[in-house]
Engineer: 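Sharing a structure here in structure tokens format.
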Amino acid sequence: GWARRMPLCTALKVERNVPLGRYTTLGIGGPARYFARCASVEDLTQAAHFAKQNFAKVLIVGKGSNLLFDDRGYQGLVVLNELTSCDDVPLPRKGIVQPTTIAST
């Protein structure tokens, strides 16, 4: 059927028609056209390249709380962010709230 999950990329596992309800706390949502789990900066880079090559919009999600998807799903690439650290990611200095700032307030 159309909701069959198929790998689309070998280096980064990108799947098609993944039900999004299993990634939200309320369990609601149709399928993502494309879906990838990213646990490293390299994964995120590959996901960005995949989206560009496939003319797909990108939606990056975390643990799924406060998130609802339409029953029709999402017609782009949903990236499940599984990064545990951003130590290797250069961040701009302006407009960034550092985790230490949040923890100390």
Side-chain angles (χ1 to χ4, degrees):
W2 70 274
R4 183 176 47 156
R5 293 169 49 161
M6 305 178 336
L8 298 174
C9 182
T10 55
L12 173 68
K13 185 177 180 185
V14 177
E15 298 175 283
R16 178 175 276 168
N17 298 318
V18 173
L20 294 170
R22 67 177 69 155
Y23 298 101
T24 67
T25 53
L26 295 176
I28 296 172
R33 176 176 283 176
Y34 305 115
F35 182 87
R37 293 173 178 264
C38 293
S40 70
V41 173
E42 182 180 334
D43 289 348
L44 287 172
T45 302
Q46 289 179 11
H49 287 292
F50 176 88
K52 185 175 181 181
Q53 290 173 346
N54 290 278
F55 305 99
K57 292 181 181 180
V58 178
L59 178 64
I60 299 175
V61 299
K63 296 185 183 207
S65 62
N66 300 322
L67 183 62
L68 294 175
F69 286 103
D70 190 293
D71 287 339
R72 294 173 290 182
Y74 184 75
Q75 295 304 308
L77 170 64
V78 174
V79 173
L80 181 63
N81 180 6
E82 295 183 330
L83 269 78
T84 56
S85 164
C86 291
D87 293 339
D88 297 331
V89 181
L91 298 174
R93 298 206 181 263
K94 291 185 179 180
I96 300 296
V97 178
Q98 299 295 328
T100 54
T101 305
I102 295 170
S104 64
T105 58

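Quick caveat: nothing in here was measured; it's all calculated off a predicted structure.
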Engineer: Is there a side-chain contact between L26 and L68, using heavy atoms and a 4.5 Å cut-off?
Structural biologist: yes
Engineer: Taking all non-hydrogen atoms of both residues into account, name the closest pair between P31 and D71 and its distance.
Structural biologist: CD-O, 4.1 Å
Engineer: When the aromatic ring centroids of F35 and Y23 are compared, is their separation below 6.0 Å?
Structural biologist: yes
Engineer: Is the CD atom of Q75 crowded by more than 12 outside heavy atoms at less than 6.0 Å?
Structural biologist: yes
Engineer: Using only atom types and a distance under 3.5 Å, with no angle test, would you say the side chain of D70 pairs donor to acceptor with the backbone of R72?
Structural biologist: yes
Engineer: Determine the minimum heavy-atom distance between G62 and L80, stating which atoms define it.
Structural biologist: O-CD1, 3.0 Å
Engineer: Locate the shortest heavy-atom distance separating I28 from T24; write the atom from each residue and the value.
Structural biologist: N-OG1, 3.2 Å
Engineer: Can you tell if the side chain of F69 reaches within under 4.5 Å of the side chain of V61, non-hydrogen atoms only?
Structural biologist: yes
Engineer: Does the side chain of R16 reach to within under 4.5 Å of the side chain of Y34, using non-hydrogen atoms?
Structural biologist: yes
Engineer: Would you give the length of the straight line joining atom CG of D43 to atom CZ of R37, rounded to the nearest 0.5 angstrom?
Structural biologist: 11.5 Å
Engineer: So, does Q46 use its side chain to make a donor-acceptor pair with the main chain of L12 at under 3.5 Å?
Structural biologist: yes
Engineer: On a heavy-atom basis, which atom in V78 and which in A32 lie closest, and how many Å separate them?
Structural biologist: CG2-CB, 3.8 Å
Engineer: Show the nearest heavy-atom pair for residues V79 and A47, with the distance to one decimal.
Structural biologist: CG2-CB, 4.1 Å
Engineer: Restricting to non-hydrogen atoms, name the atom on N66 and the atom on T25 that form the minimum distance, rounded to 0.1 Å.
Structural biologist: N-OG1, 4.3 Å
